[in-house]
Amino acid sequence: MIEMFKEWYDAKHEYAKEWKEKTGGKVMGYFCTYVPEEILLAADVLPVRILGSHEPQDVTEPHIFGMFCPFCRDCLAQGLKGRYDYLDGLMIAQSCLHIRQAYTSWEMHIPVPFSYYLPMPNKVQSPRAVPYLKGELERFKKAVEDWTEKEITDEDLDRGIEMMNKNRRLMREAYELRKEADPPMTGLEAMYMAVSSQTIEKNDHSDILEETIKELQGRKLERSTGQRLMILGSENDDTKFVDMVEGCGSTIVADDHCTGSRYFWNDVQPNGDRLLAIAERYVQRPPCPSKDWEVRTRIPHILNIAKDWNVSGAILLQQKFCDPHELDIPSIKKTLESNGIQTLFLELDVTVAVGQFKTRVEAFLEMLEGEDLF
Amino acid sequence: MATETKYPTEPLKCWKEAKRLRMKYYEDYAKAHEEGGIRWCGGAWSFDAVPYGLGDDVYPLTGEPYAASIAFNREFSLQCLEATEAAGYARDLCSYMRNYWGSIILNKYAFGGEFPKADFVWQDHICCSHAKWYQVVSELEGDIPAYSVDVAVGPFEAIDENRIQYIVGQLMDGIDWLEKTTGRTYDDKKLIEAVKTEFRSTNSWAKICELNKNIPAPLDEKTMYSLYVFAVLSRAKKEFADFYDTLYEEMKDRVKRGIAAVGNEQARVMSDTQPPWGFLSVFRYLEKFGCISIGSLYSFGLAGAWEVKEDGTWEPKTTPMERGITINTREDALRELVIWNLAKPEWQHFYSPQLKSEMMIRIAREWHVNGVMLHYNRGCEGLSLGIAENRLALQKAGFPVLVFEGNMGDEREFDEAGTMGKMDAFMEALEVKKLVD
């Protein structure tokens with residue numbers, strides 16, 4: 001069953017096209033995991049996160065100045081190359097400026113029938129953020145209703161919330177298994193599982209996930225666990241990189257990425273006011289660094305993950321030019337290292353320099369192993 | 001080669017006063033504690049009217065103009081940038097921020113002496129770096145208290161009550177925070193006065209810029225940089241608003257008498273984003289071609305308040321006082337302040353490059369420019385946002401565009417000779433001949 005996630009990861013476009021053909025429903029391409037998918041699912045819309053393809057490209061230069069992150073340019077390239085030609089809608093929830101440019105250029109040059117900018121609050125630490133976001137969700141819900149020409153009822157919202165919550169619960173359950181001394185899944189498998197959940201219809205994904213979790217109980221991998229690592233930082237779905245790291249004698253057991261645990265860490269806590277409950281969930285989720293102020297809440301969260309999953313080292317990954325993560329990494333590095341967790345900093349591009357990175361990862365692992373001796 | 005100029009020129013009468021006021025601002029901040037006053041730091045876009053409710057002895061240090069002052073001094077700037085990099089921060093982050101942090105780390109104030117640490121941070125947040133910049137400042141200055149206001153609620157054209165109230169609410173909370181942090185009682189009358197002063201100063205700056213529609217233009221952009229700064233140092237400061245009134249009168253007089261900023265004006269360009277502060281000589285180089293940079297969305301709209309009038313022209317925004325709105329309470333003042341700021345031209349492009357392109361094309365047409373110079377500014381992700389799309393839109397609208405890459409605050413990323421070479425080619429493309437070697 002677990003192989004299914006890789007298949008989905010590799011064939012996300014084919015899946016979405018087939019889903020559309022089968023259901024006659026609308027597909028919404030979205031940037032950033034602050035998008036409240038609950039409302040889209042309530043409207044029977046398939047949310048599909050727009051991701052890059054990790055191939056060199058030359059189509060975004062006229063649209064995005066080269067000082068912006070390679071991920072946002074890679075995403076836009078997918079649109080310009082027509083790979084998301086099945087989208088009916090496009091949206092973004094406000095996070096960093098970089099990915100916003102992919103959205104605005106896409107909106108201008110690859111028009112779709114519906115596009116929406118959701119100004120998700122940045123000051124999630126303010127008591128004003130939840131009521132404000134609730135108001136924004138009301139506005140968004142109305143826009144989706146107008147687009148789909150269908151009212152979203154409370155029952156629809158309950159269904160959307162439950163679909164998301166169930167998938168989140170299962171994902172956390174799978175991640176819990178990675179706490180074992182010899183985790184029953186690799187970091188690469190976990191990445192396929194988490195990233196595919198952002199592009200596949202949630203019920204389909206949850207069905208396979210439930211079966212996978214059963215399969216993982218008692219599963220023994222025919223490999224040595226080696227050093228237990230955590231990865232954290234900018235958007236990261238670079239499977240080649242993860243494969244290379246694990247091939248050097250380690251297992252990635254935890255993460256703090258928007259393509260990983262941040263996506264499913266907390267649930268919507270249902271209450272009478274559904275939109276308020278959704279707003280609370282997105283305001284209270286582990287934040288993107290662009291929203292982590294004035295207090296640095298990410299640092300204790302990351303440290304807790306590192307301790308709970310018993311990691312010996314952390315690889316700090318940052319998309320080149322990713323300002324929000326660049327602003328957090330020095331503090332994260334300092335905290336982890338002062339708590340006995342060694343770090344390796346690497347800068348990601350659209351394609352990674354696997355050879356050079358491998359040398360650095362091997363040296364890092366040797367250092368960790370050296371520490372084990374003493 | 002020309003020896004006589006086409007138009008009369010003369011120095012600005014209020015130039016010395018501008019210099020004096022700017023230096024006094026930085027000295028007042030440094031000396032604030034000597035008389036028991038308060039020092040706060042924050043960005044040039046922070047709601048600076050609000051801390052004035054704490055008293056008349058409250059002095060701000062706004063980060064962007066301070067960092068630009070550092071950048072102007074290339075030697076000191078390099079020391080600051082390297083100190084920040086040594087502290088572990090990436091070289092491609094906002095160069096204002098890196099210069100500012102370096103000044104704290106080195107404990108050197110650009111205007112002499114040790115770096116004067118603030119009593120608290122009062123910031124806002126619209127680009128990814130704003131509140132994060134001052135999160136680090138707070139840490140570097142010994143965990144001083146920090147409060148930042150999120151203003152990123154979408155473009156002004158899509159504003160609604162929920163969006164306004166989100167910001168007003170944060171400012172209301174912020175005033176409670178200011179009282180607790182400083183132990184002072186907040187005075188709403190001082191707030192109302194400061195808010196009205198902000199409306200006046202930002203409206204006046206726009207009126208000054210509007211006069212550059214005239215041919216010849218009375219003010220060149222390099223000089224403008226030394227004058228617009230007051231609206232980003234403290235636009236709610238009465239002294240600065242009064243200065244703008246004086247400057248406006250002088251500008252009107254220059255227009256009336258046909259006084260030109262560039263005596264041989266024969267071509268007009270506009271720029272975009274912050275200039276490379278260590279290399280303002282590139283603007284003087286343009287003058288050798290009789291070419292004037294009449295301004296930009298940046299220098300007009302970073303702090304200036306504008307709106308589209310009924311006849312379709314882009315003109316200074318009518319103040320709430322001129323519209324007969326009465327401001328009697330804290331809530332009134334904050335609400336009007338928020339609405340006024342949300343309309344700020346330089347806040348619109350954060351949501352779509354199209355909004356910026358429309359304003360740029362409007363400026364290009366109404367200020368009669370021949371071409372546009374876009375500074376692809378590696379030092380500022382906020383104002384470089386969407387700049388490539390702006391280039392396409394300007395070209396589509398029929399304006400020749402020169403692109404030069406650089407950095408407002410990191411001299412290592414600016415090629416002065418290469419940029420001047422590009423300007424030569426651009427002038428040739430505009431069919432403008434060099435008048436002076």
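Remember, it's a predicted structure, so these values are computed and weren't measured experimentally. Quick note on labels: first sequence line is chain A, next is B, and so on, each numbered from 1. In what follows, every heavy atom counts, from backbone to side chain, and hydrogens, waters and symmetry copies are set aside.
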Does some side-chain heavy atom of Met97(B) sit less than 4.5 Å from a side-chain heavy atom of Leu327(A)?
-> yes
Contacting region of Asp328(A) [heavy-atom separation from chain B under 4.5 Å] | side chain
Do Ser138(B) and Glu294(A) come within less than 4.5 Å of each other through their side chains, counting heavy atoms only?
-> no
Check against side chain to side chain contact (heavy atoms under 4.5 Å, CB included), Arg378(B) and Phe65(A) = CA-CA 9 Å; Arg378(B) 290 192 208 172; Phe65(A) 176 23; 3.9 Å; yes
By a 4.5 Å heavy-atom criterion (distance strictly below it), what part of Gln125(A) contacts chain B: side chain, backbone, both, or neither?
-> neither
Residue part contacting chain B, namely of Arg296(A), when any heavy atom lies under 4.5 Å | both
Which value, rounded to the nearest 0.5 Å, describes the distance between Met120(A) atom CE and Asp150(B) atom CG?
-> 9.5 Å
Are the side chain of Gln135(B) and the backbone N or O of Asp292(A) linked by a donor-acceptor pair below 3.5 Å?
-> yes
Do Asn162(B) and Glu136(A) touch side chain to side chain, with heavy atoms closer than 4.5 Å?
-> yes
Once you round to the nearest 0.5 Å, how far does CD1 of Ile164(B) lie from OH of Tyr132(A)?
-> 11.5 Å
Quick one: of Ile126(B), Val151(B), Val121(B), Asp173(B), who has the most non-hydrogen atom pairs under 4.5 Å with chain A?
-> Asp173(B)
Quick one: which residues of residues 397-411 of chain B reach chain A at under 4.5 angstrom, heavy atoms only?
-> Glu405(B)
What closest approach, in Å, do Ala388(B) and Ile64(A) show between heavy atoms, and which atom pair accounts for it?
-> CB-N, 3.8 Å
Aromatic plane relationship, Tyr351(B) with Tyr117(A) - under 30° parallel, 30 to 60° tilted, over 60° perpendicular = perpendicular
Nearest-0.5 Å distance, CD1 of residue Ile387(B) to CZ of residue Phe68(A) = 8.5 Å
Would you say the side chains of Ser105(A) and Glu389(B) form a donor-acceptor pair under 3.5 Å?
-> yes
Set of ring-ring contact (aromatic ring centres under 6.0 Å, His included) partners for Tyr147(B), sequence neighbours left out | Trp122(B), Trp177(B)
Roughly how far apart are Asp160(B) CG and Glu138(A) CD, rounded to 0.5 Å?
-> 10.0 Å
How far apart are the C-alpha atoms of Lys123(A) and Val149(B), what are their side-chain angles, what is the distance that settles it, and do they pass the side chain to side chain contact (heavy atoms under 4.5 Å, CB included) test?
-> CA-CA 7 Å; Lys123(A) 190 168 184 175; Val149(B) 178; 5.7 Å; no
Non-hydrogen side-chain atoms of Arg128(A) and Gln165(B) separated by less than 4.5 Å = no
Quick one: CG on Asp323(A) to SG on Cys94(B), what's the gap to the nearest 0.5 Å?
-> 8.5 Å
For Gln101(A) against Gly386(B), the heavy-atom pair lying closest together | OE1-N, 2.6 Å
Kindly indicate, with the supporting measurements, whether the criterion side chain to side chain contact (heavy atoms under 4.5 Å, CB included) is fulfilled by Leu385(B) and His98(A).
-> CA-CA 8 Å; Leu385(B) 191 73; His98(A) 297 244; over 6 Å; no
Glu381(B) vs Phe321(A) side-chain heavy atoms within contact, under 4.5 Å = no
Answer yes or no: are there more than 12 heavy-atom neighbours, outside Glu161(B) itself, under 6.0 Å from its atom CD?
-> yes
Heavy-atom pair of closest approach, residues Pro289(A) and Lys132(B) | O-NZ, 3.0 Å
For Pro127(A), is it the side chain, the backbone, both, or neither that has a heavy atom closer than 4.5 Å to a heavy atom of chain B?
-> side chain
Check each atom of Glu326(A) against the heavy atoms of chain B and say whether the ones under 4.5 Å are side chain, backbone, both or neither.
-> both
Separation between CG (Asn122(A)) and SG (Cys128(B)), nearest 0.5 Å, reads 8.0 Å
